[in-house]
Amino acid sequence: MCFDPEMATGITNEIFKSIDRYEIYCEIEKNIGSYKRIKFDKLLEESVDLYKNEWEFRIEDIEMIKKLMKIC
């Protein structure tokens, strides 16, 4: 999602409302200078405030939760 009108011209309110899952890629530092790339998929929306750019998600995928617990 982007606030730049040229980048977001195809995204309508109807399209935004039809989204039922999100995925995010991130790198988690395991050790100093050592990172693991993680794909968070099947994220469920808790709340999204586009104007404040605040996004909250929940994870119900047990396998992803186990994977995260092993990293931490």
Side-chain angles (χ1 to χ4, degrees):
M1 302 299 168
C2 181
F3 288 114
D4 181 358
E6 286 186 34
M7 298 292 290
T9 55
I11 299 174
T12 64
N13 197 32
E14 290 77 27
I15 291 173
F16 187 70
K17 287 180 180 180
S18 72
I19 298 170
D20 66 348
R21 305 249 187 224
Y22 296 83
E23 65 181 40
I24 298 172
Y25 291 88
C26 68
E27 292 184 356
I28 297 177
E29 188 170 24
K30 291 178 67 171
N31 298 309
I32 296 173
S34 173
Y35 297 88
K36 179 166 182 74
R37 186 178 174 123
I38 299 285
K39 174 185 173 184
F40 292 94
D41 58 356
K42 303 176 190 168
L43 295 174
L44 302 171
E45 176 185 320
E46 277 295 308
S47 67
V48 175
D49 187 330
L50 293 174
Y51 298 104
K52 292 182 180 178
N53 197 25
E54 293 178 359
W55 299 67
E56 291 183 31
F57 300 98
R58 72 181 184 277
I59 300 173
E60 294 181 353
D61 180 6
I62 299 300
E63 293 304 313
M64 175 56 71
I65 293 169
K66 288 178 184 178
K67 184 187 285 188
L68 290 171
M69 291 176 69
K70 286 181 183 178
I71 293 172
C72 299

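Predicted model only: the values in this text are computed from it and were never measured. No hydrogens, no waters, no symmetry mates; every other heavy atom, side chains included, goes into these values.
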| said: Could you work out, with salt bridge (charged side-chain N to carboxylate O under 4.0 Å, His left out) as the rule, every residue matching Glu63, not counting sequence neighbours? | reply: Lys66
| query | Do Trp55 and Ile59 share a hydrophobic cluster (ILVMFWY, side-chain heavy atoms under 4.5 Å, transitive)? | reply | yes
| message | Do Leu44 and Phe40 land in one hydrophobic cluster if side-chain heavy atoms of ILVMFWY residues count as linked below 4.5 Å? | response | no
| field | Point-to-point distance, once rounded to the nearest 0.5 Å, from CD of Glu46 to CZ of Arg58 | value | 4.5 Å
| query | With side chains defined as the heavy atoms from C-beta onward, is the minimum distance between Glu29 and Tyr35 less than 4.5 Å? | reply | yes
| SG on Cys26 to CZ on Arg37, rounded to 0.5 Å | 9.0 Å
| query | Looking at Glu45 and Phe57, what are the two nearest heavy atoms and their distance? | reply | CA-CD2, 4.0 Å
| field | Single-linkage hydrophobic cluster Ile65~Tyr25, side-chain heavy atoms < 4.5 angstrom | value | no
| query | At what distance, to the nearest 0.5 angstrom, does NZ of Lys42 lie from NZ of Lys39? | reply | 9.0 Å
| field | Closest contact, heavy atoms only, Lys67 versus Ile38 | value | CD-CD1, 4.1 Å
